[in-house]
Q: 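Pasting a structure below so you can have a look.
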Number of protein chains: 2
Amino acid sequence: MIAGKTENGAGVSVDRMIQPMLLLLILKKPTHGYELIQSFNALHEGEIVEPGTIYRNLRRMEKEGFVLSSWEASESGPARRKYDITEDGIKALREAVLKLEQQKQQIEDFLNEYKDLTARGDIDEN
Amino acid sequence: MIAGKTENGAGVSVDRMIQPMLLLLILKKPTHGYELIQSFNALHEGEIVEPGTIYRNLRRMEKEGFVLSSWEASESGPARRKYDITEDGIKALREAVLKLEQQKQQIEDFLNEYKDLTARGDIDEN
DNA sequence: TAAACCTATGTGCATCATGCACTTATCAAT
DNA sequence: ATTGATAAGTGCATGATGCACATAGGTTTA
């Protein structure tokens, strides 16, 4: 439970990965917020991402120049805001990838330290 | 740059790992805040952790029953608050480990998806 | 002895991201 | 006309952090 806690607990999982994940999804296939929410929640079952979080991240990323939006008519339903990634967005994605690699390494280091401890029997298993 | 941003940018690295890292350090060797700050900043060079963040996390964890503190005299210097981990703290550490394993997996999944894309040449390398 | 410095702990304020709940709006179907 | 799915968004509260500052004990030095 960290950051905007509740039973969901963004302290984990998709935590702080929303921006790069959105950028990657948009890079793969330019689309709109509603579908991104579907993709997100289909991808990580159980881990529901708040619509508000998606929409706010999209608007913020547009403000920062990582994506561009354009209104698009739907065959059946209200108009949607379709997002495309920009050059800056691709750059931001690359930087995020580098940071995530570092983060993964840090987590691995931590987990290894923990395992060393349990292996030595300094801590019980159950 | 996420959460309390500035040039430091906790959005990465030690991001949201402070609590489990502190618990692990204290489990290995009960100690006080100031030394934990040293350990932290020695461990991850370049990534400076704010003293305020450490102290606040320690007090919070004590309020939640994960650690216990006791004042202790120093040979040379002001008294320090020495922290010991509790059973609940060990439990919390174990839970954090599980979540970090999940988080690591998510990062890996993401990085693999990204690599698939670059491998297909859908995105330039530089 | 006073000033300067290191050790040690902490707080106040601003910023940022998220969860939860709610609102608005379009379109289709009943 | 009402209901329901699609689609986008906002307001408020909560929580974590950075930065700067405050406080205080102890040691060293001028």
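Reminder, nothing fancy here: chain letters follow the sequence lines and each chain counts from 1.
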Q: Grab the CD-C1' distance between B/Glu50 and C/dA14 for me, whole Å please.
A: 14 Å
Q: Which residues satisfy the salt bridge (Lys or Arg N to Asp or Glu O under 4.0 Å) test with B/Lys115, sequence neighbours excluded?
A: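 If we apply the salt bridge (Lys or Arg N to Asp or Glu O under 4.0 Å) test to B/Lys115, skipping adjacent residues, there are no hits.
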Q: Pick out the pairs of N or O atoms, protein on one side and nucleotides 11-13 of chain C on the other, that lie under 3.5 Å.
A:
from   : atom 1 : to      : atom 2 : distance (Å)
C/dG12 : O6     : B/Arg56 : NH1    : 3.0
C/dG12 : O6     : B/Arg56 : NH2    : 3.1

Q: Does a nitrogen or oxygen in the side chain of B/Arg81 sit under 4.0 Å from OP1 or OP2 of C/dG10?
A: yes
Q: Taking the side chain as every heavy atom from C-beta outward, state whether A/Val97 and A/Arg94 have any pair of such atoms under 4.5 Å apart.
A: no
Q: How many whole angstroms separate atom CG of A/Leu58 from atom P of D/dG9?
A: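 That distance rounds to 8 Å.
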Q: Mind calculating the distance between OH (A/Tyr34) and C1' (D/dA5) to the nearest angstrom?
A: 6 Å
Q: Taking C-beta and beyond as the side chain, do A/Leu24 and A/Ile85 meet within less than 4.5 Å on heavy atoms?
A: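 No; the side chains remain at least 4.5 Å from each other.
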Q: Answer with yes or no whether the side chains of A/Asn112 and A/Glu108 bring together a donor and an acceptor at under 3.5 Å.
A: no
Q: Take B/Glu62 and B/Tyr83 through the side chain to side chain contact (heavy atoms under 4.5 Å, CB included) test and state the conclusion after the steps.
A: CA-CA 9 Å; B/Glu62 180 161 30; B/Tyr83 285 94; 4.0 Å; yes
Q: Between A/Arg81 and A/Glu72, is there a salt bridge with N-O shorter than 4.0 Å?
A: no
Q: Can you list everything that forms a salt bridge (Lys or Arg N to Asp or Glu O under 4.0 Å) with A/Glu35? Sequence neighbours excluded, please.
A: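 Testing A/Glu35 for salt bridge (Lys or Arg N to Asp or Glu O under 4.0 Å), a comparison that skips the adjacent residues, returns A/Lys29.
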Q: Go through the structure and list residues passing ring-ring contact (aromatic ring centres under 6.0 Å, His included) with A/Tyr55, not counting sequence neighbours.
A: none
Q: May I have the distance from A/Trp71 (atom CH2) to D/dA8 (atom C1'), rounded to whole angstrom?
A: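 So the two atoms are 6 Å apart, to the nearest Å.
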Q: For a quick check of understanding: with a heavy-atom distance under 4.0 Å over all strands, which category does B/Ile37 fall into, base, sugar-phosphate or nothing?
A: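 Answer is nothing: B/Ile37 stays at 4.0 Å or more from every strand.
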Q: Measure from CZ on B/Arg80 to P on C/dG10 and round the result to the nearest Å.
A: 14 Å
Q: In whole angstrom, what separates A/Ile54's CD1 from D/dG9's P?
A: 12 Å
Q: Using whole Å, what does the distance between atom P of nucleotide C/dA17 and atom CE of A/Met17 come to?
A: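 After rounding, the gap between these two atoms is 16 Å.
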Q: Contact class for B/Ile18 vs. all strands (heavy atom < 4.0 Å): base, sugar-phosphate, or nothing?
A: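 If one applies the 4.0 Å heavy-atom cut-off, B/Ile18 turns out to touch the sugar-phosphate alone, with no base involved.
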Q: Go along nucleotides 24-30 of chain D 5' to 3' and tag each nucleotide: B for a protein heavy atom under 4.0 Å from its base, S when only backbone or sugar atoms are that close, - otherwise.
A: -BSS---
Q: A/Phe40 has an atom CZ; how far is it from atom P of C/dG19, in whole Å?
A: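 Rounded to the whole Å, the gap is 11 Å.
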Q: Check salt bridge (Lys or Arg N to Asp or Glu O under 4.0 Å) between B/Asp84 and all other residues, then give those that pass, not counting sequence neighbours.
A: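 With sequence neighbours excluded, B/Asp84 shows a salt bridge (Lys or Arg N to Asp or Glu O under 4.0 Å) to B/Lys82, given in chain and number order.
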